[in-house]
Amino acid sequence: MPGVSLSRSVNNPCSVAAAIGCFAIAVLVFMIMPIYVGALADSYGFNSQQLGWLTSTELSGQVVAILLALYWIRRLSWRVIVAWSALVLMVCNLLSIYADGAYVLLLLIRGFAGFAVGCILAIGCSLLGDTAQADRNFGLLIGAEVFLQVIMFALLPRYIAVYGVDAIYSVLAASAVIALLLSALIPDQGGKHDHEHGGGKGKLRLPALGLFATALFFTGIMLVWSFIERLGIARGFGSAEIGEALSISGAVSLLGALLAAVLADRLGRVLPMLAGVVGILLSYWVLATQHSYLGFVFAVSLMAVFWNFWVPYQMGAVAAVDLGGHYTVLIPFAQSLGVAVGPAAAGRILTGDDFMPLIVYSVFFLVVCMALFLPLLRTTKSNTAARGAEYLESTR
């Protein structure tokens, strides 16, 4: 392949597993954000504005780290960066317990924690994007994230009731120790990228298009998902019922990620991504037309399954057109941007208890996103085939 030469270490199963484990551990705080924010409020009495600043500071630290990674991602040792980031993450979570609700100190600590998370996410995306089976590995990554989320949602509340938010910080610190151990399996660098082919406006256009479409996708999906609890309340469902529905959707959403991992690129990317969009649109139709509780459970579960089925192919498509190996690192940034914009936009669109405008706007965003991905998908087929052939050549 003219753009990428894959090393054996990147495709080593242990390296892939370590990258998935470190990434899932790093992003855990955001996966359990609802109970984390609630625990902060209950433990320290922070108001909504304070809670918002805390979560925003952590996310901002992550964004800064990812943007800086554009400079160092192909220059510095991945193993060393992951090890130091995991160590910083462990210390920050232990210091968060020590802070004991001192707000300014906690803001500073969580900002550093977010920066450490961003470094790990940058390396995780780049490593998995460099592998010969990027779609499969991104599918396994999403599956690992959801699996940890389900486990944490099931176990943490009982400990939070006794120990408050310290229970969360203790789990995050212990998880960071696991990431520190896994860092020994991370290679120093990933695929060897040809900078001559990786640079230039022509080579930037497709990755930039993919990243923009990624941000649109997450903006669109969050228009509905961020207010799904409010929609349930408007239809007369109790908080416990809605919580049960979301727990079910989280558990079954594993199927989407695992299906993507099993299929990998056997069917290419166009058909799976079309199926993902159609599945989400079908969930919207159920949500709009079926007002029973079972209809609500089915709709949110369907949405979660196809959402998690879509994302691995989306990440794999961006990685496949990133011949220079510099822009895959921005995938978490694009996703986070959409996650941040979606709820804010939904708040402006929503009027009263009429949620149909949110669904309509979300459909528009998803359709535009799919249209923007089509030029990438025409290119990624040849890139992925060449990458796989070169990997086979390197293993002989």
Side-chain angles (χ1 to χ4, degrees), residues 20 23-24 27-28 30-36 135 138-154 156 214 216-233 235 237 239-263 272-316 332 335-336 338-339 342-343 346 355 358-359 361-363 365-366 369-370:
I20 290 172
F23 193 110
V27 80
L28 183 59
F30 299 102
M31 299 299 289
I32 62 170
M33 189 63 72
I35 59 175
Y36 172 50
D135 299 298
F138 281 129
L140 292 173
L141 169 63
I142 301 301
E145 290 179 11
V146 175
F147 177 76
L148 279 181
Q149 181 188 49
V150 171
I151 295 298
M152 291 298 104
F153 278 161
L156 274 178
T214 296
L216 283 184
F217 174 84
F218 277 86
T219 299
I221 202 79
M222 290 305 295
L223 284 174
V224 175
W225 188 254
S226 61
F227 279 84
I228 201 73
E229 187 266 351
R230 293 291 88 192
L231 186 149
I233 293 292
R235 291 186 176 174
F237 308 138
S239 297
E241 290 178 308
I242 296 171
E244 181 183 61
L246 295 177
S247 296
I248 292 171
S249 72
V252 301
S253 68
L254 271 171
L255 297 175
L258 294 179
L259 180 59
V262 170
L263 285 177
M273 291 183 77
L274 280 174
V277 170
V278 170
I280 295 172
L281 297 185
L282 177 60
S283 75
Y284 288 173
W285 179 81
V286 175
L287 201 61
T289 60
Q290 306 298 314
H291 291 197
S292 67
Y293 178 67
L294 287 180
F296 180 77
V297 173
F298 180 67
V300 295
S301 298
L302 199 64
M303 189 191 315
V305 167
F306 282 100
W307 178 358
N308 282 343
F309 178 70
W310 160 282
V311 171
Y313 288 104
Q314 170 185 277
M315 298 172 80
Q335 293 173 339
S336 298
V339 168
F355 293 89
L358 294 183
I359 293 177
Y361 274 100
S362 183
V363 169
F365 274 99
L366 295 182
C369 168
M370 188 65 223

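Residue numbers start at 1 and run along the sequence shown. Just so it is clear, the values below take in all heavy atoms, side chains as well, and ignore hydrogens, waters and symmetry mates.
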I need the minimum non-hydrogen distance between [X] and [Y], along with the two atoms involved.
X	Y	value
Ala260	Gly139	CB-CA, 4.5 Å
Val224	Leu358	CG2-O, 3.9 Å
Phe237	His291	CZ-O, 3.5 Å
Met222	Val339	CG-CA, 3.8 Å
Ser249	Trp225	OG-CH2, 3.9 Å
Val297	Ala245	CG2-CB, 3.8 Å

Can you name the side chain to side chain contact (heavy atoms under 4.5 Å, CB included) partners of [X], sequence neighbours left out?
X	result
Ile233	Glu229, Arg230, Ser239, Ile242
Ala261	Arg136, Leu140
Leu281	Val277, Tyr284, Val363, Leu366
Ala288	Met356, Ile359

Going by side-chain hydrogen bond (donor to acceptor under 3.5 Å, both in side chains), name the pairs with one or both residues in residues 305-316, residues two or more places apart or in two chains. Ser253-Asn308, Trp310-Gln314
Pairs in or reaching into residues 292-306: which pass side-chain hydrogen bond (donor to acceptor under 3.5 Å, both in side chains), with residues at least two apart or in two chains?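 Listed once each, the pairs are Glu244-Tyr293.
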Only one of Leu287, Leu294, Val286 passes side-chain contact (heavy atoms from CB on, under 4.5 Å) with Gln290, and that residue is Val286
For the side chain of Ser362 and the backbone of Gly220, is there at least one donor-acceptor N/O pair under 3.5 Å apart? yes
Return a table of donor-acceptor pairs under 3.5 angstrom between the side chains of residues 142-153 and protein atoms on other chains or two or more places apart.
{"residue": "Gln149", "atom": "NE2", "partner": "Met31", "partner atom": "O", "Å": "2.9"}

What distance do [X] atom [atom1] and [Y] atom [atom2] have between them, rounded to the nearest 0.5 Å?
X	Y	atom1	atom2	result
Phe355	Leu231	CZ	CG	5.0 Å
Phe365	Leu216	CZ	CG	6.5 Å
Ile32	Leu156	CD1	CG	5.5 Å
Gln335	Thr214	CD	OG1	6.5 Å
Leu258	Phe309	CG	CZ	11.5 Å

Could you work out, with ring pair (Phe, Tyr, Trp, His ring centres under 6.0 Å) as the rule, every residue matching Tyr36, not counting sequence neighbours?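 Ring pair (Phe, Tyr, Trp, His ring centres under 6.0 Å) list for Tyr36, sorted by chain: Tyr169.
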